[in-house]
Participant: 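First, the structure itself, so that you have it in front of you.
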Amino acid sequence: MPPEAVRTFFSRLRAERPEPRSELRYRTPFELLVAVILSAQATDASVNKATETLFRVADTPEKMLALGEEGLRRHIRHIGLHNSKARNILATCRILLERHGGEVPRSREALEALPGVGRKTANVVLNVAFGEPTIAVDTHIFRVANRTGLAPGRTPREVERRLLEVVPETFRRHAHHWLILHGRYVCTARRPRCGACPVADLCAWEGKAAPG
DNA sequence: AACTCGGGGCA
DNA sequence: TGCCCAGAGTT
């Protein structure tokens with residue numbers, strides 16, 4: 001997609017959803033980190049419900065460890081993959097205390113070394129908590145980037161690399177948020193709402209004229 | 001690259 | 001009822 005079209009693309013996405021990022025609800029990097037670990041393959045509504053009560057009880061690594069695996073599972077039982085997530089969160093808390101003074105580390109390498117934290121989660125924390133212009137490629141962004149022709153790639157890493165090349169600096173910080181919301185509400189996996197899409201005229205998807 | 005974890009949402 | 005979801009770890 002030509003640079004001028006890319007600029008128009010993000011201008012329209014920003015106008016479509018100007019509200020602040022949902023991650024800003026979290027008060028500390030630690031709360032954000034735990035919430036993003038929980039959000040893997042889960043809906044944000046189920047994560048919001050769990051963290052609302054969980055963080056009233058345990059908003060630090062120390063309190064989370066004091067809660068214990070059983071106590072933690074009680075809060076996140078309604079979230080998918082909760083067994084491994086409970087285990088990973090507590091293991092991460094131990095590492096935060098042992099190696100990072102109880103704080104969330106600011107480097108990608110240290111973040112990705114935490115149990116339950118992969119590239120996507122690390123990118124979200126780096127962007128939202130520490131203000132770095134990363135783009136976290138999840139399934140939504142992977143689909144939108146490929147379908148529209150904005151930044152096509154065979155793997156998430158390739159899509160991320162091409163997004164970092166193509167997204168103008170002024171849109172970089174919030175690009176992943178707009179792309180995710182667009183993928184969730186408009187450019188959906190099953191039946192994309194191309195009739196309501198603000199960037200349909202810039203989109204390369206051949207099926208965009210399909211009925212429905 | 002393929003497989004597993006997993007309850008909830010949605011058609 | 002069947003399929004997908006704001007992924008990560010293991011093999």
Side-chain angles (χ1 to χ4, degrees), chain A residues 13 16-17 19-26 29 31-55 69-70 72-96 104-105 108-129 132 134-147 150-151 153-160 163 167 173-193 196 210-212:
Chain A
L13 290 193
E16 183 185 24
R17 305 218 170 255
E19 69 266 24
R21 295 179 274 195
S22 60
E23 294 93 336
L24 297 182
R25 71 169 51 251
Y26 303 111
E31 289 191 357
L32 174 69
L33 176 64
V34 172
V36 178
I37 291 175
L38 288 175
S39 74
Q41 296 297 106
T43 61
D44 54 350
S46 68
V47 173
N48 291 341
K49 183 179 174 185
T51 54
E52 188 176 338
T53 63
L54 175 62
F55 292 152
E69 191 162 332
E70 267 316 301
L72 174 53
R73 249 204 299 269
R74 193 167 302 121
H75 289 273
I76 68 176
R77 204 183 301 277
H78 58 98
I79 298 178
L81 312 178
H82 52 265
N83 287 318
S84 59
K85 285 172 182 175
R87 221 171 29 244
N88 286 337
I89 288 170
L90 292 181
T92 282
C93 287
R94 290 187 203 99
I95 295 177
L96 293 184
V104 176
R108 171 185 302 285
E109 185 181 14
L111 283 169
E112 292 190 9
L114 299 171
V117 179
R119 179 144 191 117
K120 184 262 179 180
T121 300
N123 274 334
V124 172
V125 172
L126 287 170
N127 185 312
V128 179
E132 296 197 17
T134 62
I135 296 178
V137 177
D138 56 22
T139 56
H140 283 325
I141 292 188
F142 186 77
R143 180 181 64 253
V144 172
N146 273 299
R147 182 185 280 167
L150 173 68
R154 202 173 53 76
T155 66
R157 281 294 294 272
E158 189 177 350
V159 168
E160 178 185 334
L163 280 171
V167 178
R173 284 282 310 279
H174 303 279
H176 90 256
H177 174 64
W178 294 324
L179 288 170
I180 285 170
L181 291 181
H182 184 65
R184 178 173 176 184
Y185 295 112
V186 180
C187 197
T188 53
R190 287 300 185 73
R191 290 176 57 204
R193 301 166 56 203

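Below, read A as the first sequence line, B as the second, and so on, with proteins coming before strands; counting in each chain starts at 1.
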Participant: Report yes if the side chains of Val36(A) and Val47(A) come closer than 4.5 Å at any heavy-atom pair, otherwise no.
Facilitator: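 Result no, sub-4.5 Å side-chain heavy-atom pair not found.
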Participant: Starting at atom CZ of Arg184(A), determine the distance to atom P of dC4(C), rounded to an integer number of angstrom.
Facilitator: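 Roughly 18 Å, once rounded to whole Å.
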Participant: Quick one: list whatever passes side chain to side chain contact (heavy atoms under 4.5 Å, CB included) with Thr43(A), sequence neighbours left out.
Facilitator: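 Counting only residues at least two positions away or on another chain, Thr43(A) forms a side chain to side chain contact (heavy atoms under 4.5 Å, CB included) with Ala45(A), Ser46(A).
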Participant: Mind checking if Arg87(A) touches a base, just sugar-phosphate, or nothing, with heavy atoms under 4.0 Å?
Facilitator: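 Nothing, no nucleic acid heavy atom in range.
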Participant: Arg190(A) CZ to dG2(C) P: how many Å, rounded?
Facilitator: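 Taking CZ of Arg190(A) and P of dG2(C), I get 13 Å after rounding.
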Participant: Do His140(A) and Arg143(A) have side chains that approach each other closer than 4.5 Å (heavy atoms only, starting at C-beta)?
Facilitator: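 Yes; the side chains approach each other to less than 4.5 Å.
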Participant: When the distance from NZ of Lys49(A) to P of dC5(C) is rounded to whole Å, what number comes out?
Facilitator: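 For the pair Lys49(A) NZ and dC5(C) P, the rounded distance is 22 Å.
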Participant: Run the side chain to side chain donor-acceptor pair (under 3.5 Å) test against Glu31(A) and tell me which residues pass, sequence neighbours left out.
Facilitator: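 Partners of Glu31(A) under the side chain to side chain donor-acceptor pair (under 3.5 Å) test: Arg27(A).
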Participant: Can you list the residues that meet the side chain to side chain contact (heavy atoms under 4.5 Å, CB included) rule with Ala113(A), with sequence neighbours excluded?
Facilitator: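 Partners of Ala113(A) by the side chain to side chain contact (heavy atoms under 4.5 Å, CB included) criterion come out as none, since no residue qualifies.
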Participant: Mind checking the P distance from dG7(C) to dC10(B)? Whole angstroms is fine.
Facilitator: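 Looking at atom P only, dG7(C) and dC10(B) are 16 Å apart.
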Participant: Distance alone, cut at 3.5 Å: any donor-acceptor contact between the side chains of Asn146(A) and Arg154(A)?
Facilitator: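 Side-chain D/A pair, Asn146(A) to Arg154(A): absent.
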Participant: Scan nucleotides 5-11 of chain B nucleotide by nucleotide, 5' to 3', and note B when protein non-hydrogen atoms come under 4.0 Å of the base, S if they reach only the sugar-phosphate, - if neither.
Facilitator: BBBS---
Participant: In this structure, which one of Ile89(A), Thr92(A), Val128(A), Val124(A) forms a side chain to side chain contact (heavy atoms under 4.5 Å, CB included) with Leu33(A)?
Facilitator: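 The option that passes is Thr92(A).
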Participant: Please determine if a side-chain N or O atom of Thr121(A) lies less than 4.0 Å away from the OP1 or OP2 oxygen of dA8(C).
Facilitator: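 For dA8(C), OP1/OP2 do have a side-chain N/O of Thr121(A) under 4.0 Å.
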Participant: Does Ile141(A) reach the side chain of Leu163(A), with side-chain heavy atoms less than 4.5 Å apart?
Facilitator: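 They are in contact (side-chain heavy atoms under 4.5 Å apart), so the answer is yes.
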Participant: Please report the distance, rounded to the nearest Å, between CG in Leu33(A) and C1' in dG7(C).
Facilitator: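 Those two atoms, CG and C1', are 14 Å apart.
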Participant: How long is the line joining CD1 of Ile37(A) and P of dA8(C), in whole Å?
Facilitator: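 Distance check: Ile37(A) CD1 to dA8(C) P gives 9 Å.
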Participant: For the pair made of OH in Tyr185(A) and C1' in dA6(C), what is the distance, rounded to whole Å?
Facilitator: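 Those two atoms, OH and C1', are 11 Å apart.
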Participant: Choosing from dG7(C), dA1(B), dC4(C), which nucleotide comes nearest the side chain of Asp138(A)?
Facilitator: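 In terms of side-chain proximity for Asp138(A), the closest of dG7(C), dA1(B), dC4(C) is dG7(C).
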Participant: Which residues pass the side chain to side chain contact (heavy atoms under 4.5 Å, CB included) test with Arg157(A), not counting sequence neighbours?
Facilitator: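 Per chain and number, Arg157(A) pairs via side chain to side chain contact (heavy atoms under 4.5 Å, CB included) with Arg119(A), Thr155(A), Glu160(A).
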Participant: What nitrogen or oxygen pairs link the protein and nucleotides 9-11 of chain C at under 3.5 Å?
Facilitator:
{"residue": "dG9(C)", "atom": "OP1", "partner": "Gly116(A)", "partner atom": "N", "Å": "2.9"}

Participant: Please determine, for the side chain of His140(A), which listed nucleotide (dA8(C), dA1(B), dC5(C)) has the closest atom?
Facilitator: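 Looking only at heavy atoms from C-beta outward on His140(A), the closest nucleotide is dC5(C).
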Participant: Say you pick atom P in dA11(B) and the same atom in dA6(C); how far apart are they, in whole Å?
Facilitator: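 Comparing P positions in dA11(B) and dA6(C) gives a spacing of 14 Å.
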Participant: Measure the distance from CZ on Arg157(A) to P on dG7(C) and round it to the nearest whole Å.
Facilitator: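 Between P of dG7(C) and CZ of Arg157(A): 17 Å.
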